[in-house]
Every structure is written in structure tokens, then in C-alpha cells.
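See structure below.
By convention in this document, chain letters (A, B, ...) are assigned in the order of the sequence lines, proteins followed by strands, and residues within each chain are numbered from 1.
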Amino acid sequence: MEFAALSLYNQAIILFAALALFTSFIMLAQARMMPLIFTFAWQGLLLTVVSVLVAIASGHPQLHISAAITFCLKVVVIPYLLYRLSARLNMQYDAEVIEHPTLLLLGGVALVIFSYHVSQSIIHLSGLATRNTIAVSMAIELLGMLLMCARKSAVAQVIGFMSMESGIFFAAVVSTYGMPLIVELGLAFDILVASILFGVFFFHLRDSFGSLNVGQFNRLSEANQPMPSPEATEPSSGERS
Amino acid sequence: MDSQLTAWALAAAQALLFIASAPLLAGWLRRVKCHMQNRAAPALWQPYRDLAKLLKKRMLLADNASWLFRAVPYIVFSAMLLAAAVVPLVAVNLPSAAIADLIVLVGFFALARFFTALAALDIGTAFGGMGASREMMVAALAEPAMLMAVFTLSMTANTTNLSVATAYILQSGLVLRPSFLFALLALAMVAVAETSRIPVDNPATHLELTMLHEAMILEYGGRHLALIEWATQIKLMIYAVLIVDLFFPWGIATDFSAMVLAVGVVAVAAKLMLIAVLLVVWETVLAKMRLFRVPQFLGFSFMLSLLAMLTHVVLETGG
């Protein structure tokens, strides 16, 4: 279908979908904690805009409700919780060292191509004008997964997880005009509970490992335990403590 | 026959207007920047005075300067002149636009840059070699990004000819193409790097370790320097007009009546002034980045142009 022949609403949906994909790439490139959280909130806002536009263009008023849920959770509540968490862990100004940033971005591009290839067979089953965005939603999911794989910081991994969930929600909106409301509410609460549980986990992780860097979780920490007696310590265990 | 002659005359007039107004754009840029930074601003025609002063000055050449060193300013200037003749400033469908397409335009820039780097190496000073190697590094990273952005646009317009592409975008009206948005961002980042503006390079600096472009032309003086400075101003204007033509072509003349041409002149002047203001804001809020951050900056712009091409394929033609 010729792109210029679509209605302006559908063009806007595709434009905002592309922008949401772009925020996924920004998240991949962003090493600092605060801008990462803000970018996640921006992605939520773009998804909200897409669902409102889909609701208007397709005449499905219940999508307004899911847009409202998305806005509350992904733009307000979860970024605020993550921000408060990182402020309390005193890491909101931390910057991670990303190894091979350009390679990571090119890997992201490869994932977009892969998801386009995979979604080719789905696209033919759908008659919607916005069916091409299915590939984008799949790419957002995969990029969230790439973020989880590439990052060492636990908070960045949580953001990658949430962004995967955004991709699933987005796929539901553009391919079938939304999931049943009860499923969506359930998912929303799952995500909310998950974000609170992650917060609790962060504190436990920091207490037991002294760091939120998942690369260090395979090391043993004896900081909270009483010092072992000298004769019990083997000489070879010095490097692992 | 007569209309053909008029068209060629108009094309020549447009090219002359282009190179004559390039220092004006530089002057406007400098003036806005001074106002933005609370400094006393020079007059709008100060770049013309500078060029006139340099043209009158006596030439001083290094003892070991070869013919290449003396030829390079003319090569660079004529490459920019040819590039300026290709870019539609006031009107599309001029006969001069058929001379070269967008890829040749990139080639003109590469030619000018190659000879500038050779001239910088010719004298054999440390600064020249340093500047040349840095400039080539930036160019090697910026050029693929620019070509990808250009390819995206030509895939949409089905042509690589700039004038035809502009006419196509003009007649297709308001279409919200995500690929154009990304290509615009990528092209703007490349333009900033290629015209040696902040954050990649500082055009006003003569500090040893931060110069890129300035380090290469350090040995030039007199009319050679005037030609190179003028060519730099034309290059900045070409990039600005390129962005205007490809993304905001509204107002450009499509036929050659006097009224439409006047509207075209006013429209392009207003758009260029606006772009200059945006550039000044960008240069004021950003600091110059370290040289080793530049690959990341340009890598991001390459990623953007790649994303532009992907969104074109996935979202705009797929299915």
C-alpha cells in the first residue's frame, strides 16, 4: 500500500511507532541512569499516544482506557518508582561503561531486520492499515531483551524488562486493537507488582553483594559474616573473598 | 530555444546568488551568535569585508610549498562552486540540476576535502598533518551516514537527482514519513560534523589541540585563504539549503515567472535565517566534545540514517 495514500491518523500512528522504536535505541546507547529512566517514560508516552490514535482511527473507545492505564503506569508510576529507588540507592547519577557502544547499536539494527523478516508472515494475515507496525513492536521487545543482555546494572535490566512488556502491549494494540480489558488490567498489575518487588530485590542485592552490578553476583561476599579464624582460611581463597 | 536560454540564464544567476550570499549567511550566523552570548555583534557584511581584506593582502608562501599547495584553493573553490550550481536555491527544474545528482554532490565534497588534506600534508608542519588525519577520520565516519540518508530520500522519491526529488516532495504535500524525520536528524548531525561546527569542531578556535579544519588551512594567507574561507561558507550554505530543499521545500519556485521567483527568494531566505538561529542555539547549549567521542556521535548519526532506511522499508513500503 502506498504510504502517502493512508489517512493522516494512520500516518501519525506509524510515525509515533517509529519514534518509540527510536527511544529503544536511545535506551541502548544511554549509559546514565536518570536519562535512561526518562527515556523509558518517553517511550511510555509515545505508546500512550499511539493507543489514543489507534482508538480514534479505529473507533474502539475501550482503547482509551488502556491508553490511560499505560499513561499512569509507564509514564508516571514506574518511572517515579525507579527514580525514587535509584535516588535511595544513591545511584541516580551513575554512568555505566558500555562496551562497544556502536557494535551494540548495529546489533540492535540487526534485530530490527530480523523482526521484520519474522513478521513478514504475520503481516499477510492482517488487514489493518497499521499492520506494518507489528515488526516495530517485535523489534521493541527484542531490543528490550538486548538491553537486558548488554547491561550489567540491575536497574537497567529492569528497564529492559519493562520495555519488553511495552513491546508486547504495543503489539496487542496495533495488531488486534488491544487485548481484552481484564487481561490488560491483570498485566498492568503484574508489572506494578513486579516493579515493587524489583525494588525490594535491589535492596537485598545491595545488602548481600554490595553492588547492583550483576557481573559481580557470582562472587562470594563475606562482608556481613564474622571474620573466619586464621587457621580456617585457606591461602587460595584470598582472591575470591 | 528562447525559454531554454532563459532557463540557463536563471541557473547561472541562481549559482551566482548562491555564492554571493554565502558570506551573508555566515555574517547572520555570527551576529545571532553574538546576540545570544551577550557580546557586541559585528555588522552583517563583516564576512565580505574580511574576504575583501584577504583578497587585497600580499601572498606569503612557505619555501617548500609545491604547485599542489598553490592549486588547492582554486580546486576547493571550484568544487564548491559546481556543488552550489547543482543545489536548487530559488527554483527547481533548472537545467543545471541535470549536471549532477546527490551522489556526485557528496563526491564534490570528498574531492574538496581530499585536496585540502593533501595541501595540509604538503607543507610538512605538525599541525597540518594532525588536522588532515583528524579531518579524514571525521569524513570517513560522516560520509556513509550522509550517503545512507541520501539513499533513503532517493528511495522515496525514486530518483537521486536533487531537483526532481525536491519537486516530488513538494507535490506530495504533507506526509508524515518517519524515515524523513530520522534522515533529517542524521543529515543535521552529519552537516554539523562536516561543516566543522560545535560540538565536533569549533570554527572560531585556533587552539592547537582542538582544531580540526583550521589546522589544515593554517599555512594559507592572502587570496588563497580568502578562497578557502569563502568555500567553507558556501559549504555551510549548501548543507543548509540541502536540508531546506529535502525536508521543507514549500515556497520554492516551480516555474520561472518573476512573482514566483520573488516568493522563492523570500522563502529560502526566511528558512535559512531560521536554520541559522537553530544552529546557534545548538552551538550555544553544547560544548565541544572530545575528539574520541566524535566516532560515537557520528556512529549515532549512521545508526539514525540506517533506522531511516529500515523504517522506510518496514513501515512505508512493506506489507
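In this structure, Leu310(B) and Val109(A) approach most closely via the heavy-atom pair CD1-CG1, 3.6 Å. Nearest heavy-atom pair, Pro178(B) versus Ile14(A), reported as atom, atom and distance to 0.1 Å: CG-CG2, 4.0 Å. The nearest pair of heavy atoms linking Phe300(B) to Ala29(A) is CE1-CB, 4.4 Å.
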Start with the C-alpha gap between Val313(B) and Tyr116(A), add the side-chain angles, then the distance that decides, and say whether side-chain contact (heavy atoms from CB on, under 4.5 Å) holds. CA-CA 9 Å; Val313(B) 172; Tyr116(A) 172 61; 4.0 Å; yes

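The line from OG1 of Thr311(B) to CG of Leu19(A) is 9.5 Å long, rounded to the nearest 0.5 Å. Atom CE of Met303(B) is separated from atom CD1 of Ile26(A) by 7.5 Å, given to the nearest 0.5 angstrom. To the nearest 0.5 Å, the span separating CG on Leu185(B) from CZ on Phe22(A) amounts to 6.0 Å.
Heavy atoms of other residues, nucleotides or ligands lying less than 6.0 angstrom from CZ of Phe256(B) number more than 12. More than 12 heavy atoms of other residues, nucleotides or ligands sit less than 6.0 Å from atom OH of Tyr168(B). Counting heavy-atom neighbours within 6.0 Å of Phe297(B) CZ, excluding the residue itself, gives a total above 12. Annotation for Lys152(A): atom NZ does not count as buried by contact number, only 12 or fewer foreign heavy atoms lying within 6.0 Å. Surrounding CZ of Phe247(B) are more than 12 heavy atoms belonging to other residues, nucleotides or ligands, all under 6.0 Å away.
Between Leu307(B) and Phe25(A), the closest side-chain pair of non-hydrogen atoms falls below 4.5 Å. Within the 4.5 Å cutoff, side-chain heavy atoms of Leu106(A) are placed close to those of Leu306(B).
Contact annotation for Leu21(A): only side-chain heavy atoms (C-beta onward) come within less than 4.5 Å of a heavy atom of chain B.
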